[in-house]
Protein chains: 4
Amino acid sequence: MATLQKSIDKRNALIKATIELVNNNGFHATPMSKIAKMAKVSPATIYLYFENKQDLVNQTYIEVKAAYTAYAFATYHLNMPVEEGFETIWKRIADFKLKDCENAMFLAQCDNTPMIDEPSRQEGIKHLEPLLELWARGKKEGIIKPISDYLLYAYAINPLSFLMMSAKRSAFTLDKTHMEEAYRAAWNSIRVIK
Amino acid sequence: MATLQKSIDKRNALIKATIELVNNNGFHATPMSKIAKMAKVSPATIYLYFENKQDLVNQTYIEVKAAYTAYAFATYHLNMPVEEGFETIWKRIADFKLKDCENAMFLAQCDNTPMIDEPSRQEGIKHLEPLLELWARGKKEGIIKPISDYLLYAYAINPLSFLMMSAKRSAFTLDKTHMEEAYRAAWNSIRVIK
Amino acid sequence: MATLQKSIDKRNALIKATIELVNNNGFHATPMSKIAKMAKVSPATIYLYFENKQDLVNQTYIEVKAAYTAYAFATYHLNMPVEEGFETIWKRIADFKLKDCENAMFLAQCDNTPMIDEPSRQEGIKHLEPLLELWARGKKEGIIKPISDYLLYAYAINPLSFLMMSAKRSAFTLDKTHMEEAYRAAWNSIRVIK
Amino acid sequence: MATLQKSIDKRNALIKATIELVNNNGFHATPMSKIAKMAKVSPATIYLYFENKQDLVNQTYIEVKAAYTAYAFATYHLNMPVEEGFETIWKRIADFKLKDCENAMFLAQCDNTPMIDEPSRQEGIKHLEPLLELWARGKKEGIIKPISDYLLYAYAINPLSFLMMSAKRSAFTLDKTHMEEAYRAAWNSIRVIK
DNA sequence: CATGAATGAGGATTCATTCAT
DNA sequence: TATGAATGAATCCTCATTCAT
């Protein structure tokens with residue numbers, strides 16, 4: 001028991017350190033030794049939990065992505081009307097990006113970099129299924145525009161990443177009002193306007 | 001002069017090689033030696049044109065960003081009505097991302113990574129001025145929503161980067177129809193809807 | 001005792017694993033962890049039976065060498081005539097190299113490498129005494145050439161190692177006929193030819 | 001000129017260092033850093049001349065083997081009678097093992113270890129052709145026993161390696177007399193005895 | 001006795017950068 | 001200006017060995 005818990009703790013510490021360091025320096029500029037040090041572990045210990053550096057980021061990515069989608073869909077129900085469903089999911093995602101900024105930034109960096117290998121990337125995408133189904137329903141009901149899911153994602157969801165990065169970097173702050181405005185923009189970009 | 005031209009050629013070859021290699025491998029996974037080899041130049045020669053690796057990417061970034069904005073605003077005139085002006089700029093940007101994919105991808109990677117230093121990043125942003133002015137005008141005229149430029153950018157422009165990356169990676173293709181749909185989504189997300 | 005037997009089994013398993021792995025990869029390319037895994041034992045357990053890696057190979061060497069000489073002299077009697085005695089021993093040695101190939105190869109590698117420490121090497125040589133005595137007798141009787149034992153060994157015994165290694169590596173096969181020819185060559189190289 | 005010579009010198013220094021260190025410690029116990037230090041070169045410099053550690057030993061092996069066989073056959077002529085030819089070659093080989101002890105020991109260790117990869121090993125064997133041809137001639141003329149070349153080599157040539165190693169290790173000295181005796185043993189083991 | 005987890009020291013290799021020419 | 005050779009400082013990873021249980 002105690003020893004199993006300690007193992008889990010160590011793994012978590014490693015993943016957390018990876019996120020923080022990669023966020024600040026990028027994948028290749030964060031040596032294993034620093035990750036080890038931040039996780040208060042010997043460099044060699046990393047290799048008890050992960051095959052190599054690539055595996056470490058891959059697994060970190062998958063884990064964070066899973067947490068992200070779990071959070072995103074936690075309050076969503078299949079029987080919600082389309083618009084309510086979308087708003088529910090969108091606001092949870094926005095919430096995640098605001099509150100779990102470290103993790104969100106890590107995902108953003110992973111998604112725009114040849115840092116994660118293809119299989120892990122695919123693995124990460126799988127969890128988005130409920131959103132795609134909601135959109136399919138919305139299209140059938142004539143509420144959502146009948147366009148590619150890539151387009152819907154590009155306009156409805158992805159801008160949040162940009163806003164979060166901007167908030168991190170510049171003076172722009174992502175407050176409640178901005179969020180409401182962002183939501184309107186997102187919804188308007190994908191709904192059918194009569 | 002022949003020798004001046006040769007110098008410019010070399011510099012350009014280096015910048016081109018940097019873009020291609022960083023696109024495929026990321027900043028830290030592209031050694032100076034490879035850049036030199038691809039540019040058909042000795043590693044030492046790089047240091048005649050650039051202070052160090054960081055300086056090389058910074059300058060590459062600024063140069064590409066300048067080319068990008070020059071292209072974006074080439075057909076835009078200050079006396080265009082707001083909507084026409086936006087459409088003009090938007091379509092040029094879209095065009096750039098489609099046709100000058102290498103450069104566009106490089107910018108996307110730079111913008112989502114701690115790879116470029118802050119001063120160069122600021123330098124790159126400066127060139128967007130005309131777009132911001134257009135938006136200011138649009139807001140005054142009640143055509144564009146009175147919200148932060150960050151939000152406008154996030155919904156009107158940034159999705160194009162996501163679409164381009166998706167097109168590069170997956171089976172999604174960014175054809176004429178998609179572009180038109182994307183434009184509608186972009187415009188709808190920022191215009192005032194009565 | 002059941003537990004004593006289990007201890008002996010473990011020790012033997014470790015020695016066997018050492019031989020097999022060192023044969024295939026060499027001393028320094030066989031990690032303790034692999035030895036442990038092959039012996040179905042924890043790495044830490046090795047240190048209950050052996051002081052360290054060097055001690056493990058040393059003891060393995062001595063043990064195999066002892067088994068080798070025991071086999072070599074098993075059918076030899078002190079009252080045999082010199083030639084018969086030599087043939088008896090030689091054929092047993094040849095037999096060992098053919099049938100107990102793994103062990104024989106291990107010895108060959110030890111004998112040509114700075115892998116075993118000097119004391120253990122000396123320990124291994126001790127067991128050859130009966131052969132040296134036979135040669136002494138043969139010299140006295142004018143049957144064996146009056147030359148250094150090193151020379152006798154080099155020509156009478158050592159070639160078998162080379163033949164075995166060749167058989168392992170190349171297409172050469174060490175069959176009955178070859179063995180008979182080898183014996184003639186061995187005997188002719190050390191006997192007094194009138 | 002001068003710079004080419006310096007390159008050659010460095011390569012030679014590296015090869016020499018490799019031989020000496022591998023002789024004393026074995027392949028896996030000689031770090032590249034030590035080789036570099038002994039050759040008075042930075043570790044990174046090794047990789048300008050050799051692809052990796054394996055390539056370094058392989059090339060060292062091939063080079064030494066070539067020098068060895070060149071020396072062995074330097075005074076041999078195809079029109080020599082078989083026995084004279086054999087004696088000529090044998091004595092040159094013996095001479096090499098005595099005088100160029102470092103190199104000879106290196107070869108011995110390579111030949112009894114999984115240290116050299118198969119292609120390089122084959123490359124090394126090629127140079128022995130003249131000896132095999134001599135033996136073929138000897139067999140045809142009824143002077144050399146009609147047995148496998150492996151057997152001939154095992155008894156005529158290989159014992160010299162054992163003697164050399166013994167001389168290096170123990171109190172045994174390989175003087176002129178011993179050499180003469182060794183030659184007699186070698187010749188007797190392969191010639192047809194009427 | 002036995003173990004699996006943990007580790008520090010060290011090894012092969014790479015790379016940004018410099019230097020002699 | 002241009003270069004190829006050279007390098008010291010890292011970096012990833014392995015491994016003999018130890019320790020808590």
Side-chain angles (χ1 to χ4, degrees), chain A residues 1-4 6-7 10-11 28-36 39-56, chain B residues 3-4 6-7 10-11 27-37 39-56, chain C residues 3-4 6-7 10-11 27-37 39-56, chain D residues 1-4 6-7 10-11 28-36 39-56:
Chain A
M1 275 316 113
T3 151
L4 173 61
K6 254 169 76 181
S7 272
K10 241 168 232 181
R11 216 192 101 102
H28 282 283
T30 61
M32 295 297 258
S33 56
K34 265 192 202 162
I35 296 176
K40 290 188 180 154
V41 154
S42 157
T45 303
I46 301 183
Y47 295 87
L48 294 178
Y49 295 88
F50 306 94
E51 255 177 60
N52 50 38
K53 197 182 177 182
Q54 183 65 59
D55 183 45
L56 168 58
Chain B
T3 111
L4 173 60
K6 255 169 73 180
S7 271
K10 248 170 224 179
R11 215 191 103 101
F27 173 59
H28 282 281
T30 60
M32 294 295 261
S33 56
K34 264 193 201 163
I35 296 176
K37 198 167 288 171
K40 289 184 181 159
V41 149
S42 159
T45 304
I46 301 183
Y47 293 85
L48 297 177
Y49 294 89
F50 304 95
E51 252 177 63
N52 50 36
K53 196 182 178 183
Q54 183 64 59
D55 182 46
L56 168 58
Chain C
T3 111
L4 173 61
K6 254 167 74 180
S7 273
K10 247 168 225 181
R11 214 190 103 102
F27 173 59
H28 282 281
T30 59
M32 295 294 260
S33 55
K34 263 193 202 164
I35 296 175
K37 197 167 291 174
K40 289 183 183 161
V41 150
S42 159
T45 304
I46 300 182
Y47 293 84
L48 298 175
Y49 294 88
F50 304 95
E51 252 177 63
N52 50 36
K53 195 181 179 185
Q54 184 64 59
D55 183 46
L56 168 59
Chain D
M1 272 316 111
T3 153
L4 173 61
K6 253 168 73 181
S7 272
K10 241 165 235 184
R11 214 190 103 102
H28 281 283
T30 60
M32 295 296 259
S33 56
K34 264 192 202 164
I35 296 176
K40 289 185 180 157
V41 152
S42 159
T45 303
I46 301 182
Y47 294 86
L48 294 178
Y49 295 88
F50 306 95
E51 254 177 60
N52 50 38
K53 195 179 178 184
Q54 183 65 59
D55 182 47
L56 168 58

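In what follows, every chain begins at residue 1, and chains take the letters A, B, ... in the order their sequences are listed. No hydrogens, no waters, no symmetry mates; every other heavy atom, side chains included, goes into these values.
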Exercise. So, for A/D55 and A/F50, which heavy atoms are closest and what is the spacing to 0.1 Å?
Worked result: OD2-CA, 3.5 Å
For this session: Please report the closest heavy-atom contact between C/H28 and C/K53, naming both atoms and the distance.
Result: CA-NZ, 4.1 Å
Exercise. Is any side-chain nitrogen or oxygen of C/S33 closer than 4.0 Å to OP1 or OP2 of F/dC15?
Worked result: no
For this session: Assign each of D/A44 and D/M32 to its nearest nucleotide of DNA chain E by heavy atoms, then name whichever residue's nucleotide is nearer the 5' end.
Result: D/M32
Seminar exercise, completed: Closest to the 5' end of DNA chain E, once B/A29 and D/H28 are matched to their nearest nucleotides, is D/H28
How many Å lie between [atom1] on [X] and [atom2] on [N], as a whole number?
| X | N | atom1 | atom2 | value |
| --- | --- | --- | --- | --- |
| B/I46 | F/dT3 | CD1 | C1' | 12 Å |
| A/D55 | F/dC12 | CG | P | 14 Å |
| D/K40 | F/dG8 | NZ | P | 14 Å |

For this session: Anything under 4.0 Å to a heavy atom of chain C counts; send over the first and last such nucleotide of DNA chain E, read 5' to 3'.
Result: E/dC1 to E/dG4
Exercise. Using purine N1 to pyrimidine N3 plus N6-O4 or O6-N4 for Watson-Crick, or N1-O2 and O6-N3 for G-U wobble, each under 3.5 Å, what pairs with F/dT14?
Worked result: E/dA9
Problem set entry | For F/dC19, the Watson-Crick or wobble counterpart (both distances under 3.5 Å) | E/dG4
Exercise. Base, sugar-phosphate alone, or nothing: which one does D/Y49 contact when heavy atoms must sit under 4.0 Å apart?
Worked result: sugar-phosphate
